[in-house]
Amino acid sequence: MTDMETDGVVLSRVVADAARSLAFYRDGLGMADARLMLGLVCLGLPGLTLFLAQPEDFARNTGLVPGSAAGRSDGVLSCAIGSTGEVDRLLDTARSAGGTVVEPQLVDHASGRRQYIGTVTDPDGYVWQLVCNVPAGGKQ
């Protein structure tokens with residue numbers, strides 16, 4: 001068992017054309033619930049949410065430019081974390097273990113939720129986001 005307990009997993013990947021990706025997943029693979037939201041294709045799968053984003057939307061949501069030195073990956077693995085304090089603790093321990101941390105940020109999600117997001121790259125440059133849903137107007 002791990003010390004990091006998550007409530008869900010999200011994978012975000014860079015795509016060349018979000019509208020074309022939406023058509024492929026919705027029309028080609030029959031994922032009727034696929035939708036385009038704030039430039040991101042959103043796909044709900046059992047136990048996993050997949051976001052497909054064009055490079056500029058990926059950068060806006062992560063603070064990292066795909067392929068940059070700060071994060072060589074063109075994808076992000078996101079985990080839902082129970083509190084902002086736990087996000088901060090995990091970022092501190094990740095930094096101590098050789099990770100590179102992007103300052104956490106509060107982001108207003110298209111769903112109306114507010115999220116506290118901490119981003120960290122591992123020593124090889126793979127990107128993780130630790131995400132906590134917070135009440136409107138604050139940090140829990």
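Fair warning: this is a prediction, and the values are worked out from it, not measured in the lab.
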*Asks:* Please find the pair of heavy atoms, one from G118 and one from L91, that lie closest to each other, and give the distance.
*Replies:*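 Minimum heavy-atom contact is CA-CD1, 3.8 Å.
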
*Asks:* Hey, what do you get for OH (Y25) to CZ (R35), rounding to the nearest 0.5 Å?
*Replies:*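 Spacing of OH (Y25) from CZ (R35) equals 15.5 Å.
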
*Asks:* Are L36 and L11 connected in the hydrophobic side-chain network, where two residues link if heavy atoms are under 4.5 Å apart?
*Replies:*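 Linked, L36 and L11 end up in one cluster.
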
*Asks:* Can Y116 and N133 be said to form a side-chain hydrogen bond (donor to acceptor under 3.5 Å, both in side chains), step by step?
*Replies:* CA-CA 6 Å; Y116 182 71; N133 292 320; over 6 Å; no

*Asks:* Should the pair D92-R89 be classified as a salt bridge under the 4.0 Å nitrogen-to-oxygen rule?
*Replies:*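 So D92 does not pair with R89 through a salt bridge.
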
*Asks:* Would a 4.5 Å heavy-atom cut-off, applied to side chains only, mark L90 and E86 as touching?
*Replies:*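 Side-chain contact under 4.5 Å: yes.
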
*Asks:* Considering only distance and modelled atom types, tabulate donor-acceptor pairs under 3.5 Å from the side chains of residues 49-60, sequence neighbours left out.
*Replies:*
{"unit_1": "Q54", "atom_1": "OE1", "unit_2": "A18", "atom_2": "N", "d": "2.8"}
{"unit_1": "Q54", "atom_1": "NE2", "unit_2": "E56", "atom_2": "OE2", "d": "3.0"}
{"unit_1": "D57", "atom_1": "OD1", "unit_2": "R60", "atom_2": "NH2", "d": "2.9"}
{"unit_1": "R60", "atom_1": "NH2", "unit_2": "L38", "atom_2": "O", "d": "2.9"}

*Asks:* Start with the C-alpha distance between V134 and T84, add both sets of side-chain angles, then the distance that settles side chain to side chain contact (heavy atoms under 4.5 Å, CB included), and finish with yes or no.
*Replies:* CA-CA 8 Å; V134 296; T84 59; 3.5 Å; yes

*Asks:* Could you list the residues that satisfy side chain to side chain donor-acceptor pair (under 3.5 Å) with D33, not counting sequence neighbours?
*Replies:*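 With neighbours one apart ignored, the set is empty.
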
*Asks:* Please assess V120 against T100 for the test side chain to side chain contact (heavy atoms under 4.5 Å, CB included), listing each intermediate value before the final yes or no.
*Replies:* CA-CA 5 Å; V120 61; T100 301; 5.8 Å; no

*Asks:* Begin with the C-alpha distance, continue with both residues' side-chain angles, and end with the deciding distance and a verdict on side chain to side chain contact (heavy atoms under 4.5 Å, CB included) for W128 and C79.
*Replies:* CA-CA 8 Å; W128 286 76; C79 296; 3.6 Å; yes

*Asks:* Could you grab the distance from atom CD1 of I117 to atom CD of Q129, nearest 0.5 Å is fine?
*Replies:*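 Reported to 0.5 Å precision, the distance equals 5.0 Å.
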
*Asks:* Calculate, to the nearest 0.5 Å, the distance between atoms CD and CG belonging to Q115 and L106 respectively.
*Replies:*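 Here the rounded value is 10.0 Å.
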
*Asks:* If you measure from CZ on R26 to CG on L43, what distance do you get to the nearest 0.5 Å?
*Replies:*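 One finds 11.0 Å between CZ of R26 and CG of L43.
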
